[in-house]
A.B. asks: 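A single structure is presented below for examination.
Order of the sequence lines sets the chain letters (A, B, ...), proteins ahead of strands, with each chain counted from 1. Worth knowing before you read on, the calculation uses all heavy atoms, side chains too, and leaves out hydrogens, waters and symmetry mates.
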There are 2 protein chains.
Amino acid sequence: MREVAQLAGVAMSSVSRVLSGHPDVSVGMQSRVLAAVAELGYQPDLLAQSLRRQETMTIGFAVGDISNQLFAEIVASAETTLRTAGYSMLLTNSEASAELDAAHIRLLAQRRVDGIILSVGDEQNPDTLAALERLDVPVVILDRDVPMPGAVNVFSDHRRGMRQAVAHLLDLGHRDIAMINGQTLRPARERRAALEACYEERGLPPTYRFVDGTFSVEFGARAAGDLLSQEHPPTAIIAGGNQLMLGSLKVLRARGLRLGRDISFVGCDDIPVSELYDPPIAVVRRDTAAMGHSAAELMLALLAGEPVEDVTLPSEFVARASCGPVAKT
Amino acid sequence: MREVAQLAGVAMSSVSRVLSGHPDVSVGMQSRVLAAVAELGYQPDLLAQSLRRQETMTIGFAVGDISNQLFAEIVASAETTLRTAGYSMLLTNSEASAELDAAHIRLLAQRRVDGIILSVGDEQNPDTLAALERLDVPVVILDRDVPMPGAVNVFSDHRRGMRQAVAHLLDLGHRDIAMINGQTLRPARERRAALEACYEERGLPPTYRFVDGTFSVEFGARAAGDLLSQEHPPTAIIAGGNQLMLGSLKVLRARGLRLGRDISFVGCDDIPVSELYDPPIAVVRRDTAAMGHSAAELMLALLAGEPVEDVTLPSEFVARASCGPVAKT
DNA sequence: GTGAAAGCGCTAACAA
DNA sequence: TTGTTAGCGCTTTCAC
């Protein structure tokens with residue numbers, strides 16, 4: 001910038017003013033500076049600018065597992081929205097580790113990001129909460145019940161879609177429904193509550209069961225295997241998450257069970273395999289692009305100082321052939 | 001930091017020395033400073049540090065489509081490796097647009113990243129090449145033939161796996177093989193060359209065909225539909241990429257074709273659906289984690305000033321039931 | 001071994 | 001309208 005000023009024969013502050021669109025600049029000044037900028041191919045140093053302006057135009061996105069299709073889509077969508085508004089995205093992947101969650105929040109704070117979008121793997125981890133406590137930038141939390149005052153949330157309404165799913169199964173005659181869930185996080189709690197509510201509303205005894213573990217393909221497989229090996233296997237299985245669904249399907253398939261006939265199955269999150277599987281798999285679907293977009297929009301609103309409220313996005317049940325009437329034995 | 005110095009009753013430079021592990025610090029100084037740091041909960045400002053040290057400890061990753069499973073896995077792996085070495089990752093998603101590719105390279109440069117990992121959607125775009133030209137940081141390019149001197153490459157050896165795939169199909173009696181590809185990028189060229197080479201080696205006339213378009217689910221579906229509607233449809237289809245595979249499968253399935261019997265099919269990239277499809281789908285597979293890891297390692301080596309060479313990672317064919325003997329008509 | 005001072009590249013008061 | 005000056009928070013010579 002010093003060179004530009006020299007070449008144009010003006011002060012550095014004038015160059016700065018021209019480049020940042022200050023109102024009080026003469027046309028002559030503007031053209032001289034711009035000419036010098038063009039000649040030198042000058043590009044301002046965003047780092048120095050950040051230090052001085054005390055804003056980095058950068059949003060930190062701390063995500064549990066970016067290689068999970070669900071998060072990948074959310075991140076992609078959020079990045080587009082943020083970038084359009086002039087922000088860049090610093091991405092950290094915590095590999096589902098609570099320690100890394102906390103470390104990443106601190107790291108992002110040290111890097112002076114203007115805000116943080118967060119999807120943690122443990123809602124209660126004291127270290128994470130402590131790190132959040134000390135934060136003085138806006139925080140948007142994705143589909144988690146993190147007790148942090150001041151944070152804004154983007155929730156999925158898991159209950160709605162799950163109630164439709166369970167109602168569908170009950171209508172088909174299923175009473176022994178098993179639900180496989182990962183960690184105790186908001187989505188799992190909501191899905192569970194929806195299942196329980198459905199039985200209760202219909203005055204049915206609680207003949208469902210839950211299997212809780214980790215949100216992984218491996219656990220999905222193990223849980224499904226365990227369920228099928230029991231004396232009275234369930235007549236329907238609900239997998240609470242795409243990884244769990246993939247694991248479960250492997251096992252169901254290995255055992256030669258025909259979905260919708262031998263056993264009914266419902267997945268969560270509409271990944272490519274659900275539609276292409278034979279038979280196609282009924283799922284509770286949500287709009288990942290909307291989630292990422294909403295999170296980014298909320299962040300932008302917070303940064304602009306606008307009043308914002310939590311957002312809840314819908315989920316919906318997509319009935320497919322993997323659900324059928326309960327098999328006669 | 002000023003406060004820390006005051007509280008400890010020492011100069012700021014001493015605080016800096018303690019925190020950056022300078023060798024010449026007395027034990028007394030060290031303990032006093034650390035005590036003050038702990039008391040104030042001080043965390044150094046990485047932004048200011050970057051400006052002064054002229055290094056940001058940040059790597060830019062410009063990717064075409066992070067919501068594509070393949071890239072999501074590569075990014076996840078690269079992020080882990082970089083983070084372990086103390087680097088953060090600035091992610092830009094170009095949505096397969098060449099203009100955005102170039103803009104992102106410039107943006108990352110302005111943000112003074114220490115290096116860029118790149119997966120562009122157009123290898124020849126002059127604007128992208130111009131942006132790369134002006135770069136003065138290390139560049140690692142992912143599986144593209146970008147004419148940029150000084151850049152280091154992580155290639156996939158697509159030919160190896162594809163030759164195995166084509167050999168397999170030829171052994172099964174297929175002669176009329178159609179290959180669907182996206183943009184003319186390195187992977188497409190390599191796969192194409194492998195197909196041609198296989199025929200030539202066996203002294204077979206070139207009775208294969210190519211359909212080129214864009215790397216998308218939509219084009220995969222259209223291409224497959226077109227092929228099947230021809231007077232003499234191919235007896236085997238190879239989809240050059242996971243998105244093309246998904247699109248093709250939708251159409252094949254809608255037409256009620258049984259893979260491995262009515263028509264044979266080979267996909268690329270081993271996404272979940274390939275194994276779970278009925279029948280399971282033969283694919284040319286590559287190790288996405290290794291790609292991300294290698295790219296990050298190369299970057300770290302470049303930053304350390306170590307001599308580095310291009311890396312080529314293998315691909316392999318996984319035979320599955322989607323390939324069968326050519327159907328008698 | 002420690003402190004004082006200069007400066008990374010930029011912006012924002014303040015003066016002119 | 002433009003230039004001069006100070007300083008964002010840190011590191012790093014250079015003296016002592």
A.B. asks: Reading DNA chain C 5' to 3', which nucleotide is the first, and which the last, to come under 4.0 Å of any heavy atom in chain A?
C.D. replies: C:dG9 to C:dA13
A.B. asks: Side chains of B:Thr81 and B:His293 only: does a donor on one sit below 3.5 Å from an acceptor on the other?
C.D. replies: yes
A.B. asks: Do other residues, nucleotides or ligands put more than 12 heavy atoms under 6.0 Å from the CD atom of A:Glu306?
C.D. replies: yes
A.B. asks: Any non-hydrogen side-chain atom of A:Asp114 less than 4.5 Å from a side-chain atom of A:Val137?
C.D. replies: no
A.B. asks: Nucleotide range of DNA chain D contacted by chain A, 5' to 3', under 4.0 Å to a heavy atom?
C.D. replies: D:dT1 to D:dG9
A.B. asks: Near DNA chain C, under 4.0 Å by heavy atom, which residues of residues 48-60 of chain B?
C.D. replies: B:Leu51, B:Arg52, B:Gln54
A.B. asks: Contacts to DNA chain C from residues 9-25 of chain A, heavy-atom cutoff under 4.0 Å, which residues?
C.D. replies: A:Met12, A:Ser13, A:Ser16, A:Arg17
A.B. asks: What are the two closest heavy atoms between A:Arg186 and A:Glu123, and how far apart are they?
C.D. replies: N-OE2, 2.9 Å
A.B. asks: Looking only at atom types and distance, does a side-chain atom of B:Glu79 sit under 3.5 Å from a main-chain N or O of A:Asn93, one as donor and one as acceptor?
C.D. replies: yes
A.B. asks: Could you pull out the closest heavy-atom pair between A:Ala131 and A:Ile105, with the gap in Å?
C.D. replies: CB-CG2, 3.9 Å
A.B. asks: Just jot down the salt bridge (Lys or Arg N to Asp or Glu O under 4.0 Å) partners of B:Arg111, sequence neighbours excluded, or say none.
C.D. replies: none
A.B. asks: If the condition is salt bridge (Lys or Arg N to Asp or Glu O under 4.0 Å), which residues does B:Asp145 pass it with, not counting sequence neighbours?
C.D. replies: B:Arg189
A.B. asks: Please give me the minimum heavy-atom distance between A:Thr56 and A:Val113, naming the atom from each residue.
C.D. replies: OG1-CA, 3.5 Å
A.B. asks: How far apart are the closest heavy atoms of A:Gln183 and A:Phe215, and which atoms are they?
C.D. replies: OE1-N, 3.0 Å
A.B. asks: Do the side chain of A:Thr80 and the main chain of A:Ala76 share a donor and acceptor less than 3.5 angstrom apart?
C.D. replies: yes
A.B. asks: Please determine, by modelled atom types, if A:Ser94 and A:Asp101 share a side-chain donor-acceptor pair under 3.5 angstrom.
C.D. replies: yes
